[in-house]
2 protein chains.
Amino acid sequence: MKSISEAESILMQVLWQRGEATAEELREAVAERTDWQPGTVKALLNRLLNKGAIRAEREGRRFRYRPVLEREDYVAEQSRSLIDRLFDGRVAPLVAHFSEQKALSKSDLDELRRLIRELDDGE
Amino acid sequence: MKSISEAESILMQVLWQRGEATAEELREAVAERTDWQPGTVKALLNRLLNKGAIRAEREGRRFRYRPVLEREDYVAEQSRSLIDRLFDGRVAPLVAHFSEQKALSKSDLDELRRLIRELDDGE
DNA sequence: CAATGCTGATTACGCGTGTAAACCTAGAAT
DNA sequence: ATTCTAGGTTTACACGCGTAATCAGCATTG
């Protein structure tokens, strides 16, 4: 299960979001972000197939694609990688970074508070 | 100022850490992680020079390299990019992710608490 | 001064990526 | 059955990356 590329991950996002899609649906879904031609989407899908990240099942004359790689796993690997590379493996410095940058929204703060409270008493 | 690659960023880490270094010092500094030949390091340094991420000043027969790109900026861009790509631009879900993963260390938690308290009353 | 040897610059090379044109094939339409 | 066509598959190509061999300039030394 080789690592998936930037362009490929855009398609994965859509697949994770809606569970499944045809090539054309995918193309439409990313149309505003990318202007990919149909062939481009197909090629990317094939690479994802080869990497084992998705599977395809025939449906009449076309295919329906579904994720095999779990979003959770991908997210975990990407997050871990960034945190390790830039923040010495610890989460807090990243939050601190955003805090200094004043890039924490009100709802972010609310949720962080909630999370911490949860962790403090629960479990 | 094009984006810097994975291998290049390893050299940047060292430069940010010590402020400056020669090619050979860099090679030693990353020796255990990479086994790069001297030529490899030189080539990477040249790419960084072309990208404007570092500068070099002659020092006798060799060069001394310093970062031009600020670590802060790099970190900000990378973090922002990940958060946007995977967590819809918000920080809390990332922390939640690590929390679910039980990947928050004791000191992470302590610091998060401290950060939140700080934001709550201070400023 | 010529030979030797650092150190940086240039060139190379295979591989993944982004993007797409060209090609192929099983159904649909006639 | 023959042709048309909506998909999918193969091939292509330029570019960046990881890695390094090779080339070139200049300083040290015999």
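Since the model is a prediction, treat every value here as computed from it, not as a measurement. The figures that follow rest on heavy atoms only: side chains count, while hydrogens, waters and symmetry mates do not. Each chain gets a letter, A, B and so on, in the order the sequences are listed, and its residues count up from 1.
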Student: Whole angstrom is fine here: how far is it from CG in B/L48 over to P in D/dG18?
Tutor: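 My rounded result for the distance is 10 Å.
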
Student: Does a side-chain N or O of B/S5 approach OP1 or OP2 of D/dG18 to a distance below 4.0 Å, or not?
Tutor: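 Answer yes for this pair, as a side-chain N or O of B/S5 is under 4.0 Å from OP1 or OP2.
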
Student: Judged by each residue's nearest nucleotide on DNA chain C, which is more toward the 5′ side, A/G39 or B/K42?
Tutor: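 The answer here is B/K42.
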
Student: For D/dG18 and B/W36 - does any side-chain N or O of the residue sit under 4.0 Å from the phosphate oxygens OP1/OP2?
Tutor: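 For D/dG18, OP1/OP2 do not have a side-chain N/O of B/W36 under 4.0 Å.
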
Student: Tell me the interatomic distance from A/L45, atom CG, to C/dT19, atom C1', rounded to whole angstroms.
Tutor: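 Taking CG of A/L45 and C1' of C/dT19, I get 14 Å after rounding.
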
Student: Would the base of C/dG18 count as contacting A/R47 through its side chain, where contact means a donor and an acceptor less than 3.5 Å apart?
Tutor: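 Between C/dG18 and A/R47, which were checked side chain against base, a qualifying N/O pair under 3.5 Å is present.
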
Student: Yes or no on side chain to side chain contact (heavy atoms under 4.5 Å, CB included) for B/Y74 and B/Q78, after CA distance, side-chain angles and deciding distance?
Tutor: CA-CA 6 Å; B/Y74 179 71; B/Q78 294 283 301; 3.6 Å; yes

Student: Report the distance from atom CG of B/L44 to atom C1' of C/dT10, rounded to the nearest whole Å.
Tutor: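 In whole Å, C/dT10 C1' and B/L44 CG are 15 Å from each other.
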
Student: Whole angstrom is fine here: how far is it from CG in A/L26 over to P in D/dG7?
Tutor: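 Going from CG in A/L26 over to P in D/dG7 covers 13 Å.
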
Student: C/dG27, C/dT17, C/dG8: which one has an atom nearest the side-chain heavy atoms of A/E8?
Tutor: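 Of C/dG27, C/dT17, C/dG8, C/dT17 is nearest to the side chain of A/E8.
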
Student: Would you mind reading off the distance between B/R27 atom CZ and C/dT7 atom C1', rounded to a whole angstrom?
Tutor: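 Taking atom C1' of C/dT7 as the reference, CZ of B/R27 is at 13 Å.
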
Student: Look at all strands and tell whether A/S3 reaches a base, only sugar-phosphate, or nothing, counting heavy atoms closer than 4.0 Å.
Tutor: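 Sugar-phosphate, backbone atoms only, no base.
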
Student: Determine whether A/L48 and A/Y65 satisfy the following criterion, side chain to side chain contact (heavy atoms under 4.5 Å, CB included), listing intermediate values before the conclusion.
Tutor: CA-CA 10 Å; A/L48 284 169; A/Y65 300 91; over 6 Å; no

Student: What contact category does A/E24 fall into here, base, sugar-phosphate, or nothing, at under 4.0 angstrom with non-hydrogen atoms?
Tutor: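 Touches nothing.
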
Student: Test side-chain hydrogen bond (donor to acceptor under 3.5 Å, both in side chains) on A/S107 and B/R90; report intermediate values, then the result.
Tutor: CA-CA 9 Å; A/S107 65; B/R90 295 181 331 113; 3.3 Å; yes

Student: Please give, in whole Å, the distance from C/dT19 P to A/N46 CG?
Tutor: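 So the CG-P distance, A/N46 to C/dT19, works out to 17 Å.
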
Student: Using a cut-off of less than 4.0 Å, is there contact between a side-chain N or O of B/K51 and OP1 or OP2 of D/dC17?
Tutor: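 The answer is yes; a side-chain N or O of B/K51 sits under 4.0 Å from OP1 or OP2.
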
Student: Categorize B/A23 for me: base, sugar-phosphate, or nothing, with a 4.0 angstrom heavy-atom threshold over every strand shown.
Tutor: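 Sugar-phosphate contact only.
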
Student: Just the rounded figure in Å: distance from P of C/dG8 to CD of B/E57.
Tutor: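 Distance, rounded to whole Å: 13 Å.
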
Student: Using OP1 and OP2 only, check whether a side-chain N or O of B/R61 sits under 4.0 Å from D/dA27.
Tutor: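 False: B/R61 side-chain N/O out of range (4.0 Å or more) of D/dA27 OP1/OP2.
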
Student: Are there over 12 heavy-atom neighbours, none belonging to B/E59, within less than 6.0 Å of that residue's CD?
Tutor: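 Enclosed: over 12 neighbouring heavy atoms sit under 6.0 Å from CD of B/E59.
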
Student: What closest approach, in Å, do A/A103 and A/D108 show between heavy atoms, and which atom pair accounts for it?
Tutor: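 That closest heavy-atom pairing would be O-OD2, 4.3 Å.
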
Student: For the pair made of CD in A/E6 and C1' in D/dC15, what is the distance, rounded to whole Å?
Tutor: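 Between C1' of D/dC15 and CD of A/E6: 16 Å.
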
